[in-house]
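Order of appearance sets the numbers: ligands from 1, and atoms from 1 within every ligand. Worth knowing before you read on, the calculation uses all heavy atoms, side chains too, and leaves out hydrogens, waters and symmetry mates.
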Amino acid sequence: MNLAIIGTGYVGLVAGTCFAESGNDVICVDIDDQKIATLRSGRLPIYEPGLEELVRRNTEEQRLSFTTDLKAAVLRSSVVFIAIGTPQAADGKANIDQVLATARSIAEVMNDYKIIVNKSTVPVGTAEQIRAVVASTTRHPFAVIANPEFLKEGAAVEDFMKPDRVVLGGEEPEAIEVLKELYEPFVRTGNPILVMDTRSAEMSKYAANALLAAKVSLINEIANLSEKVGADVSEVRRAIGLDRRIGPHFIFPGVGYGGSCFPKDLRATIAMGEPELEMTLLQAVEQVNERQKGLLVKKVKRHFGPDLSGRTFGVWGLAFKPRTSDMRDAPSITIIESILNAGARVQAYDPEAMEEARKIFGDRIRYCRRNYDVLKGADALLIVTEWNEFRRPNFQLIKELLKDPVIFDGRNIYDPPELRKLGFIYYSIGRKDD
Ligand code: NAD
């Protein structure tokens with residue numbers, strides 16, 4: 001099948017590459033000509049495990065190409081995906097201007113029947129708006145499908161190749177059949193393709209993210225309470241995770257959720273209810289998360305006092321989660337900004353997000369080439385993102401390099417008794433602090 005993907009970001013690039021990998025002819029479009037130039041030169045603008053090799057193989061096989069020319073891409077494609085960003089507007093709602101503008105651009109150039117598939121996360125009712133925009137712009141026949149994307153950064157290729165489910169919202173049976181055929185290679189193990197109306201499909205994406213964000217805030221609140229009453233949240237997590245109604249996933253306490261999806265999607269969900277329906281629980285989820293992002297620095301100030309001037313802190317992990325270079329709404333931003341505001345210096349390391357971090361912090365922090373370099377002359381180490389390479393470090397070396405052996409672990413990756421035995425003062429989340 002000939003496919004066009006408009007918007008070559010995390011979702012568009014992964015979806016386009018995976019569709020090419022299953023034998024389709026895919027052309028990815030973006031307005032960012034630098035991004036397209038980067039991709040054409042064989043480099044990737046983002047880090048995503050496994051993606052680079054897939055992009056290389058499929059461009060070499062000439063099933064995958066990149067362009068800024070939307071018209072050429074649409075003309076040669078029977079299915080056109082929209083995977084444009086839907087950032088948060090000033091009022092909290094999702095801004096769908098670019099999605100609708102893209103729908104109009106597609107309609108302006110299309111020359112025969114096209115299936116327009118929206119993958120962007122959009123407020124309920126957007127598919128109908130897309131349909132109206134296209135209908136008012138072209139006389140050619142078309143179908144509109146809502147196909148929310150559930151991949152997670154850090155495992156995006158795997159998620160796309162083996163989705164738990166595919167959701168298709170739409171009223172045109174022929175178009176649904178085409179999309180089912182397209183997704184069939186990814187659901188060979190029997191995971192379902194769910195067909196529903198466009199509004200339910202759009203709602204499903206927001207509902208999933210709301211529930212996941214709520215899980216994070218809930219376990220963080222339980223962690224804070226555990227700490228207060230002398231329980232250990234790691235034990236509590238194991239005990240509750242074995243209950244099949246709860247499950248072991250996504251109940252790890254930490255420094256709060258971030259990223260390009262949960263914060264903005266939660267606000268968009270709250271905004272969808274306004275003004276008649278107050279989303280009380282989701283507002284609380286947000287509040288808990290904001291508070292949680294301040295927790296690590298609160299512990300730092302409890303240890304060192306409120307004035308941190310003259311001190312230096314080493315930070316391991318900047319990306320909003322491991323295995324991604326994405327810094328959008330990362331808790332590290334809040335943490336580092338408050339350390340800087342309290343007068344201290346920061347030296348940081350992340351395996352993949354250094355370039356993105358530079359765009360945010362400029363020369364206000366020091367960037368280290370190796371994880372151990374952040375420790376030189378530092379008063380303490382802060383662990384913000386749980387990259388695998390931080391899990392079994394050389395503790396002896398950490399102790400030698402730090403001024404004092406103090407670790408603030410925002411991800412609970414070490415065992416408190418073990419760290420104490422090694423001579424560290426160790427602070428973590430929801431467990432007994434030193
Ligand atoms: P992104 O910012 O990484 O990519 C969006 C791309 O669209 C950018 O490359 C941008 O240059 C391009 N673009 C913007 N306007 C354009 C236009 N008019 N024409 C062509 N290209 C244009 O965003 P993303 O993370 O891929 O997210 C895309 C959508 O998918 C969002 O709605 C997001 O909420 C949703 N989503 C994201 C994820 C994720 O993990 N990142 C997961 C599921 C769903």
Fill in: side-chain hydrogen bond (donor to acceptor under 3.5 Å, both in side chains) between N147 and Y183, intermediate numbers included
CA-CA 11 Å; N147 171 217; Y183 275 109; 2.6 Å; yes
Worksheet item: Between E355 and S325, is a side chain to side chain contact (heavy atoms under 4.5 Å, CB included) present by the stated rule, with each step listed?
Response: CA-CA 8 Å; E355 221 177 293; S325 51; over 6 Å; no
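A cation-pi arrangement is present between R358 and Y367, with the terminal nitrogen or guanidinium carbon under 6.0 Å from the aromatic centre and inside a 45° cone about the axis. Geometrically, R370 does not engage Y349 in a cation-pi contact defined by less than 6.0 Å to the ring centre and at most 45° from the axis.
Within the 4.5 Å cutoff, the side chain of I145 has heavy atoms near those of the I176 side chain. Side chains of L168 and K180 form a contact here, defined as non-hydrogen atoms less than 4.5 Å apart.
Residues lining ligand 1 at a heavy-atom distance below 4.0 Å are given as I6, G7, T8, G9, Y10, V11, D30, I31, D32, K35, A83, I84, G85, T86, Q98, T102, S120, T121, E149, L151, E153, K205, S260, C261, K264, R328, ordered by chain and residue number.
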